[in-house]
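Here's the structure we're looking at; comments come further down.
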Amino acid sequence: MDHAILERRLADHCAPTLLGAKAASLLSLSEEEFPDLALALRQYNRALYRTGLRFIILRQLGGRFLVLVYRPAMLRSKLNLPEAKALLARFSYPESNCLGALLKHLKSRFGTSAEFPHEIGLFLDYPAADVEAFMTGAAECKLRGYWKVYCDVEAARERFACYDACRQCMLRMLAAGSTISQLLRAA
């Protein structure tokens with residue numbers, strides 16, 4: 001497994017989370033290209049534990065890994081918002097502040113299906129109003145970016161610009177020879 005390629009993919013898809021601007025990001029990786037991914041993620045978890053980052057495999061299906069990169073404190077805070085709790089309750093998530101229990105239920109919602117549970121948007125730090133509008137199909141999408149925006153377009157544009165800046169910064173630093181672990185432990 002080429003760690004430089006893994007670092008590039010993480011920077012491409014998870015930079016806002018790695019840099020603390022977003023609670024969580026999702027990444028799909030090929031099992032063929034990254035056969036030792038579980039080991040690599042354990043190494044990231046150890047190396048970056050103090051930075052508040054965690055890496056877990058949500059699902060392994062059809063030769064692909066679905067990886068969640070997240071900041072537990074931020075994610076717990078987002079999922080504890082009343083509007084997020086109300087949406088999660090519709091899908092029988094436990095009424096708990098325990099992030100582990102919520103992530104376990106999310107994993108079970110994936111099961112062996114290729115379908116994505118729509119509430120994953122809450123875990124990916126999308127606004128609850130946009131997640132609900134997407135799920136119900138009641139409104140017309142006003143903007144497409146990191147997610148489909150149905151409500152506060154201006155706030156979404158600002159977040160998208162921030163996420164783009166995070167990605168560009170991280171890719172620039174990696175191209176200069178730094179590793180993700182070096183960058184985040186130094187921050």
Side-chain angles (χ1 to χ4, degrees), residues 10-28 41 44-45 48-59 65-111 113 115-167 169-170 180 184 187:
L10 284 167
D12 265 342
H13 299 281
C14 306
T17 300
L18 294 171
L19 294 176
K22 189 172 185 280
S25 296
L26 199 59
L27 175 65
S28 177
L41 296 182
Y44 278 118
N45 280 324
L48 298 172
Y49 184 81
R50 289 192 176 153
T51 68
L53 280 164
R54 301 295 181 275
F55 301 75
I56 63 167
I57 296 173
L58 279 180
R59 180 180 71 187
F65 292 108
L66 195 57
V67 178
L68 184 71
V69 178
Y70 66 103
R71 293 185 166 275
M74 280 181 78
L75 185 54
R76 188 178 302 107
S77 172
K78 299 287 182 174
L79 296 176
N80 276 326
L81 294 172
E83 56 274 18
K85 284 176 110 48
L87 273 174
L88 292 174
R90 292 186 199 172
F91 299 98
S92 303
Y93 279 80
E95 292 184 36
S96 170
N97 292 336
C98 175
L99 185 56
L102 297 173
L103 289 170
K104 182 178 178 182
H105 191 79
L106 177 62
K107 278 184 166 186
S108 74
R109 293 267 301 140
F110 275 102
S113 168
E115 295 289 317
F116 269 63
H118 293 308
E119 73 275 8
I120 195 160
L122 297 171
F123 288 85
L124 298 177
D125 202 357
Y126 303 167
D130 288 336
V131 174
E132 179 155 21
F134 178 81
M135 288 169 39
T136 62
E140 187 175 321
C141 174
K142 298 175 183 176
L143 177 69
R144 292 174 191 258
Y146 286 83
W147 67 87
K148 289 183 178 181
V149 179
Y150 298 87
C151 298
D152 192 344
V153 172
E154 204 47 49
R157 277 195 180 107
E158 288 175 18
R159 284 177 73 181
F160 294 171
C162 173
Y163 296 170
D164 288 343
C166 288
R167 181 177 174 272
C169 175
M170 178 133 315
I180 288 174
L184 298 180

Report summary line: Residue set satisfying side chain to side chain contact (heavy atoms under 4.5 Å, CB included) with Lys85, at least two apart, ordered chain then number -> Asn80, Asn97
Requested in this report: Evaluate the side-chain contact (heavy atoms from CB on, under 4.5 Å) criterion for residues Leu53 and Thr17: first the C-alpha distance (whole Å), next the side-chain angles of each, then the deciding distance (0.1 Å), finally the verdict.
Outcome: CA-CA 8 Å; Leu53 280 164; Thr17 300; 4.1 Å; yes
Report task. Please name all residues satisfying ring pair (Phe, Tyr, Trp, His ring centres under 6.0 Å) with Tyr146, sequence neighbours left out, ordered by chain then number. Result -> Phe160, Tyr163
Query raised in the report: Quick one: are Tyr150 and Glu132 in side-chain contact, heavy atoms under 4.5 Å?
Result: no
Query raised in the report: Can you name the residues that form a side chain to side chain contact (heavy atoms under 4.5 Å, CB included) with Arg50, not counting sequence neighbours?
Result: none
Query raised in the report: Where is the tightest heavy-atom contact between Ala15 and Ala11, given as atom of each residue plus distance?
Result: CB-O, 3.2 Å
Report task. Report yes if some heavy atom in the side chain of Lys107 is under 4.5 Å from a heavy atom in the side chain of Ile57; otherwise report no. Result -> no
Query raised in the report: Is there side-chain contact between His118 and Val131, with at least one heavy-atom pair below 4.5 Å?
Result: no
Query raised in the report: Is the backbone of Leu18 close enough, under 3.5 Å, to the side chain of Arg71 for a donor and an acceptor to pair up by distance?
Result: yes
Requested in this report: Quick one: closest heavy-atom pair of Glu83 and Ala128, and the distance?
Outcome: CG-CB, 3.4 Å
Query raised in the report: Does the side chain of Val149 reach to within under 4.5 Å of the side chain of Arg144, using non-hydrogen atoms?
Result: no
Query raised in the report: What pair of heavy atoms forms the shortest contact from Cys14 to Val69, and how long is it?
Result: SG-CG2, 3.8 Å
Query - Interatomic spacing from OG in Ser96 to CG in Leu79 - rounded to 0.5 Å - result: 11.0 Å
**Report entry** Leu27 CG to Leu10 CG distance, which is reported to the nearest 0.5 Å
**Finding:** 5.5 Å
Query raised in the report: Does the His105 side chain pair with the main chain of Phe91, one donor and one acceptor, at a distance under 3.5 Å?
Result: yes
Query raised in the report: Which of these, Pro16, Cys166, Cys162, sits in a side chain to side chain contact (heavy atoms under 4.5 Å, CB included) with Lys22?
Result: Pro16
**Report entry** Contact check, side chains of Leu88 and Phe123, non-hydrogen atoms, under 4.5 Å
**Finding:** yes
Query - Cation-pi geometry met for Arg59 and Phe116 (6.0 Å, 45°) - result: yes
Query raised in the report: Between Glu119 and Leu87, is any pair of side-chain heavy atoms under 4.5 Å apart?
Result: no
Report summary line: Minimal heavy-atom distance between Ala84 and Lys78, with the atoms involved, is CB-O, 3.5 Å
Query raised in the report: Going through the distances and angles, do Phe110 and Leu58 end up as a side-chain contact (heavy atoms from CB on, under 4.5 Å)?
Result: CA-CA 8 Å; Phe110 275 102; Leu58 279 180; 3.9 Å; yes
Query raised in the report: Looking only at heavy atoms, what is the nearest atom pair of Cys141 and Leu143, with distance?
Result: SG-O, 3.2 Å
Query raised in the report: Are Lys148 and Asp130 within salt-bridge range, i.e. N to O under 4.0 Å?
Result: no
Requested in this report: With the side chain counted from C-beta on, respond yes when Leu75 and Asp125 share a heavy-atom pair under 4.5 Å apart, and no when they do not.
Outcome: no
Requested in this report: Start with the C-alpha distance between Arg54 and Tyr49, add both sets of side-chain angles, then the distance that settles side-chain contact (heavy atoms from CB on, under 4.5 Å), and finish with yes or no.
Outcome: CA-CA 7 Å; Arg54 301 295 181 275; Tyr49 184 81; 3.0 Å; yes
Requested in this report: For Arg159 and Ala21, indicate whether the former's side chain and the latter's backbone hold a donor-acceptor pair under 3.5 Å.
Outcome: no
Requested in this report: Before giving the answer on side-chain contact (heavy atoms from CB on, under 4.5 Å), spell out for Leu103 and Tyr70 the whole-Å C-alpha distance, their side-chain angles and the decisive distance to 0.1 Å.
Outcome: CA-CA 11 Å; Leu103 289 170; Tyr70 66 103; 3.6 Å; yes
Report task. Would you check if Leu48 and Phe55 make a side-chain contact, meaning some heavy-atom pair closer than 4.5 Å? Result -> yes
Report task. Can you measure from OH (Tyr126) to CZ (Phe134) and round to the nearest 0.5 angstrom? Result -> 9.5 Å
